[in-house]
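Lettering follows sequence order; numbering is per chain, from 1.
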Protein chains: 2
Amino acid sequence: MSPTPPAAAPPPAATAAPGGPTRERILAAATHEFAERGYDGARIDAIGRAAGVNKALLYYYFPNKGELYRGLVLEQIAAIGRQLAAADEDELPAPETLTRMIEAIVDLGAERPAVPLLVLREVLNGWGHLRDEDFPGLFATARPIADTVARGVAAGAFRPVPPLYAHLMIMGAMNFFLVSAPARARGSRLVGQPDMDPDPRAFARFVSDLVTRGLAVDPAASTRIPHPGATA
Amino acid sequence: MSPTPPAAAPPPAATAAPGGPTRERILAAATHEFAERGYDGARIDAIGRAAGVNKALLYYYFPNKGELYRGLVLEQIAAIGRQLAAADEDELPAPETLTRMIEAIVDLGAERPAVPLLVLREVLNGWGHLRDEDFPGLFATARPIADTVARGVAAGAFRPVPPLYAHLMIMGAMNFFLVSAPARARGSRLVGQPDMDPDPRAFARFVSDLVTRGLAVDPAASTRIPHPGATA
DNA sequence: GTCTATACTTCGATAGAC
DNA sequence: GTCTATCGAAGTATAGAC
């Protein structure tokens, strides 16, 4: 507020558009573009334009399209790992933890819509844009759900199912739900069914109910977990 | 076998490669290429080469890349509708029908590996390559599972859940499983975990168990459905 | 750090002979 | 119906000035 020159502020380049340092703006624009159009559909030019710079500057910060893509995919996927791990902080019983993880997935989808898109696109691609050394990191992301299911099985709360199956089912269902919103929107608009775009939290509740009930050893033992904010 | 000239045989063009009439070969090659690489990643040239023809001939049969793609996507998606409808032929109770539909999905995935890939890619794209008039056909595909769940709810066999949710969950889980096989294969190869590539039928069994148990009104009422060929 | 201008390549699509 | 040859647009990447 005072005329005092800011001491440690970054170089206030006259051209610098709002939204942070150039590199970050490029990264954000690229994340959006790649998520929306896929690797092959994304255009370097469009990324530059969205970031308020031109191609040449983009190549000043990143070696090429592939490395730009790879870097941001790894970053976004790491976010899933953090989110999932955070859902297990309290070390609650397996069913509650699973419920939290499923909620964490839709929350992340709301915060970072690019994540499920990038994940699904890259899975379709067989992780074709990642290097071998990236895989240990990927696996860290796959573990939380599987580990939680395994814990539930060990504790006698869940039937003895392969934890990987549960992981695939949950990730598949949640990611599909998250990425299909635009497709469903167009569909319902064209057929006039307003029902087609459920609230993500409602869908998360449906899935966690289904999973905890479906995994319970004795179905009767599946104690209803009160959802925060549930009125009934 | 005899020197008698074949009467109604199609013109035995000397260049005709094995595998059926040219148009069909192009369609098959295109289906594979588009499924594998996506619309933007697919190359007209590669399709031609795989079909044993050249670009020019491809454009003799199809007006352009977009229409070639659109036509084959609609055809493959229609196959899901047929497969799902066939699973309801016997009009069994809802849980059994659902189980059959889930099996039908993995069976179709084995017969036509392109189907789940094309569906998922197109959903990610918001059906961006289809026209408005294609949507009634799309919806026919979405109905069987939802209708079956609705029937189960009406019959008192299932809890009152939104049928759409169940449809999304099942399609998401199954498609994700089917398309992630290569990704999982690479992952497990790099980490040395052999567990990662479960048999599709086993996964289908897991999902249908989970769904029928999870949907049952009174958990105890969820009668175990004997799977054909199950030993125990 | 940021821009303009451009080199090089690939790709979808067409012309025209056979 | 099928091919060879090629056009023109678009795309990634770079050179070089400021």
Heavy-atom pair with the smallest gap, counting every atom of B/Ala114 and B/Thr31: CB-CG2, 3.6 Å
Residue pair A/Pro116 / A/Asn175: nearest heavy atoms and the distance that separates them: CB-OD1, 3.5 Å
Contact state string [nucleotides 4-18 of chain D, B base, S sugar-phosphate only, - no protein heavy atom under 4.0 Å]: B------SBBBB---
Neighbour count above 12 (heavy atom, 6.0 Å) for B/Arg37 CZ: no
B/Glu91, CD: over 12 other non-hydrogen atoms inside 6.0 angstrom: no
Close approaches to DNA chain D from residues 67-75 of chain A, in residue order (heavy atom, under 4.0 Å): none
A/Thr22 vs C/dG1: side-chain N/O to OP1/OP2 distance below 4.0 Å: no
Any donor-acceptor pair under 3.5 Å from B/Asn125 side chain to B/Gly128 backbone: no
Please state how far atom [atom1] in [X] lies from atom [atom2] in [N], giving the value in whole angstrom units.
| X | N | atom1 | atom2 | answer |
| --- | --- | --- | --- | --- |
| A/Leu58 | C/dT4 | CG | C1' | 16 Å |
| B/Glu24 | D/dG1 | CD | P | 13 Å |
| B/Tyr60 | C/dA15 | OH | P | 16 Å |

Parallel, tilted or perpendicular: ring planes of B/Phe177 versus B/Phe203, cut at 30 and 60 degrees: parallel
Between B/Glu122 and B/Tyr69: side-chain donor-acceptor atoms closer than 3.5 Å: yes
Verdict with reasoning, A/Arg201 to A/Asp107, per salt bridge (Lys or Arg N to Asp or Glu O under 4.0 Å): CA-CA 8 Å; A/Arg201 295 294 285 221; A/Asp107 289 349; 2.7 Å; yes
